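For reference, the structure discussed in these notes is given below.
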Amino acid sequence: MWLPSQLPEVESAIRRSIGGVYASLGQQERAEIQLREALRLSRIAYRPDDPRVNESMLTLANHLRQLGKSGEAEALMRDVLAVREKTAG
């Protein structure tokens, strides 16, 4: 039997989607848990400069910013920017 946990890139995408749904339903803690796990799995599945890792970081950073966790959100945003600058040339 196939399980999403056997393919971290698939599980990451699923968890990012679930996190977005939880956020839209106002269940912020559940959303944060899913988005953190999506980022963790993205980092397992892809290189650090892969756009999918960057997208997971950006999604979590935006969510944290909305929750008022600005310090952590800013650190993630800086990481996103660093990767974009590095890959842009």
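For the single chain, residues carry numbers from 1 onward in sequence order. Bear in mind the structure is a predicted one, so any value in this text is a computation, not a measurement.
Residues Leu35 and Tyr22 do not share a hydrophobic cluster, clusters being chains of Ile/Leu/Val/Met/Phe/Trp/Tyr side chains in contact below 4.5 Å. Hydrophobic cluster membership is shared by Val53 and Val83, with clusters built from Ile, Leu, Val, Met, Phe, Trp and Tyr side chains linked at under 4.5 angstrom.
Counting heavy atoms from C-beta on, the side chains of Asn62 and Leu58 come closer than 4.5 Å. The shortest side-chain heavy-atom distance between Thr87 and Asn54 does not fall under the 4.5 Å cut-off.
Pairs engaging residues 14-26 under the salt bridge (charged side-chain N to carboxylate O under 4.0 Å, His left out) rule: Glu11-Arg15 [sequence neighbours left out].
Taking CD1 of Ile18 as the reference point, atom CD1 of Ile33 lies at 12.0 Å (rounded to 0.5 Å). Taking CD of Gln34 as the start and CD1 of Ile14 as the end, the distance is 10.5 Å to the nearest 0.5 Å.
If you chain together ILVMFWY residues whose side-chain heavy atoms come under 4.5 Å of each other, Leu41 ends up grouped with Ile44. Hydrophobic cluster membership for Val21: Leu25 (Ile, Leu, Val, Met, Phe, Trp, Tyr linked by side-chain heavy atoms under 4.5 Å, directly or transitively).
Under the side chain to side chain donor-acceptor pair (under 3.5 Å) criterion, Arg43 pairs with no residue at all, not counting sequence neighbours. Under the side chain to side chain donor-acceptor pair (under 3.5 Å) criterion, Ser12 pairs with Ser42, sequence neighbours left out.
Checked by atom type and distance alone, the side chain of His63 pairs as donor or acceptor with a backbone atom of Gln28 at under 3.5 Å.
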Please list, one pair per line, the donor and acceptor atoms closer than 3.5 Å that link side chains of residues 64-71 to other protein atoms, with sequence neighbours excluded.
from  : atom 1 : to    : atom 2 : distance (Å)
Lys69 : NZ     : Glu32 : OE1    : 2.9
Lys69 : NZ     : Glu32 : OE2    : 3.1

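Between Arg52 and Glu55 no salt bridge is recorded (no basic side-chain N to carboxylate O distance below 4.0 Å).
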